[in-house]
Amino acid sequence: MPITAIKGMTDIFSPEVELWQTIEARARELFESFGYREIRTPIVEKTELFARSIGEDTDIVQKEMYTFPDRKGTMLTLRPEATASIVRAIMQHRLYNIPTMGKFFAIGPMFRYERPQKGRYRQFHQIDAEVIGSKEPIVDAEVMYWAMLFLEKIGIGSTELHINSLGCEECRMPYKRSLVDYLKKYEASFCRDCQRRINTNPLRVFDCKIEKCKEIVKEAPRILEFLCGECQKHFDSVRFFLDQVGCSYTVDHHLVRGLDYYNRTAFEIIASGLGAQNAVGGGGRYDGLFKELGGPDIPAVGFALGVERLMIVLGENLPGHEIKKPDIYLIALGDDAQKTCFLIAQNLRKKSVYVEMGYELKSLKSQMRRADKFGASYVVILGENELVKGVAVLRNMTTKEQFELSLDGIEKTLAEKIKKE
RNA sequence: GUGGGUGUAGCUCAACAGGUUAGAGCACUGGGUUGUGGCCCCAGAGGCUGUGGGUUCGAGUCCCAUCACUCACCCCA
């Protein structure tokens, strides 16, 4: 096997690909009900876009991006997430000026140079949604509701919605200070990773899986106690609307997001069966991002679902997926018969009949076996004898009944027969 | 980047404590009377045992290295 796919990048083919198609179709349907419009942005962007939006100091930007110069030396990056590109596109085309266009969705591949493991790949796919132009908490709630409803619709019922508020600039700084002060007191007791985190990204200490660290963190100050009046009001309101639609959730004080642009509402959807990578989706509010990227001051909320992770969670409970079976399998015996069959096949397909045919001139027996493997409903046999008589044999594969059909207008006869069933 | 696990036929797996031409099931190809599928029967094809070294009279089996896959850390969807 000389050339294989790149590490962490997978080929998707039947029968899984059909499942991908339905998942995507369901997402599109549901987006439509909520008024989302699709947006397709390039997979490659200038590196600067991601560096500025996601944050220079984040892991994604520091060590996980596929970055390379193009032939003129411009630094480009394969998108590691969708939000930055979408925000860029909205700004570039001033889409925020169109009153009916505030909700966008995108489905496609993302790239991160990480060590692959269960539920984590270097090329992975996201279903992404972004709502721009409103700072209202009602939107946050609706966005989360979409995600939970979608999961339910595709058969993933047992998930947990975790929410938290990250506050705004005003309340986050005092909180961070207070948290760092607290953590520093116990610095020596933390694991090496956490000791590092205290300085680099103190909020992440909450995620540590080591018992000792968890123990200390339990008593740490909570962001929610530091929220300013506005942020508190916002968060309460988000909760109110979630309650109203019967969307259950847990407030997770430890929930932190790895991208710098989030503020206020942050959420994650956790599912079992995923191993260590247990989030099927996550998102939050990013009111400052447009401005940060040099655009107008436009508030926004968004989220992404990991398609591969959805697949893992669906696991065995995949919605039954029948691969389409041919209506007719054409068997030709001999060169002349094959020429006629070829024409019949194409004519039938023009009439939207699913036709398979034996391209190899093999024995009738082996062609019948192949027709059976395809699960064809009917087989049409055309050999020398039939050709002379100007007929073809039609065999019903379930009843085993067979009779001759005139070759004259045979496509019409067959197409009508198929459509009647 | 750091650890652990695993690499034998297209797939799923065998091969006693190192011992002849590495096996099975499924899948594949052909056949079981001239041109009729599923079940069954027969036959066939398919592997430099991931790769490279080493130990040994002898290595799929033991050792080292390397690569790939996988799980976990880290981080995230």
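A note on names: the letters A, B, ... follow the listed sequences, proteins ahead of strands, and every chain is numbered from 1. Because the structure is predicted, anything quoted here is derived from the model rather than measured.
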Once you measure the plane-to-plane angle for A:F303 and A:W146, does it fall in the parallel (<30°), tilted (30-60°) or perpendicular (>60°) bin? tilted
So A:Q402, base contact, sugar-phosphate only, or nothing? Heavy-atom distance under 4.0 Å. base
So which one's nearest nucleotide on RNA chain B is more toward 5', A:M397 or A:S366? A:S366
Mind checking if A:E360 touches a base, just sugar-phosphate, or nothing, with heavy atoms under 4.0 Å? nothing
Taken to the nearest whole Å, CD/A:Q117 to C1'/B:U70 is 10 Å
B:G31 base to A:R369 side chain: any donor-acceptor pair below 3.5 Å? yes
Need one value for A:A371: base, sugar-phosphate or nothing, where a base atom within 4.0 Å counts as base even if backbone is also close, heavy atoms only. nothing
Distance in angstrom units between A:R120 CZ and B:C71 C1', rounded: 11 Å
With sugar-phosphate meaning primed atoms plus P, OP1 and OP2, does A:N385 contact a base, only sugar-phosphate, or nothing at under 4.0 Å between heavy atoms? base
For A:L361, I'd like to know if atom CG has over 12 heavy atoms of other residues, nucleotides or ligands within 6.0 Å. yes
Nearest to the side chain of A:R115, which nucleotide is it out of B:G35, B:C75, B:C73? B:C73
Looking at A:D140 and A:R285, is any side-chain nitrogen of the basic one under 4.0 Å from a carboxylate oxygen of the acidic one? yes
Classify the nucleic acid contact of A:I381 as base, sugar-phosphate or nothing, counting any heavy atom under 4.0 Å across all strands shown. base
Classify the nucleic acid contact of A:F374 as base, sugar-phosphate or nothing, counting any heavy atom under 4.0 Å across all strands shown. nothing
Looking for any heavy atom pair under 4.0 Å, which part of the strands does A:G119 touch: base, sugar-phosphate only, or nothing? base
Go through the N and O atoms of the side chain of A:E386 and the base of B:G35, and report whether any donor-acceptor pair is under 3.5 Å. yes
Regarding the side chain of A:M368, the nearest nucleotide among B:A68, B:U36, B:C75 is B:U36
With a 6.0 Å cut-off (strictly less than), is the heavy-atom count around CG of A:D181, excluding the residue itself, greater than 12? yes
Across all strands, who's sitting opposite B:A17 as a Watson-Crick or G-U wobble pair, both distances under 3.5 Å? none
Classify the nucleic acid contact of A:R395 as base, sugar-phosphate or nothing, counting any heavy atom under 4.0 Å across all strands shown. base
Looking at the base of B:G32, is there any donor atom on it, or on the side chain of A:K365, that sits under 3.5 Å from an acceptor on the other one? yes
Nearest-nucleotide check on RNA chain B, A:V393 vs A:Y113; residue mapping nearer the 5' end is A:Y113
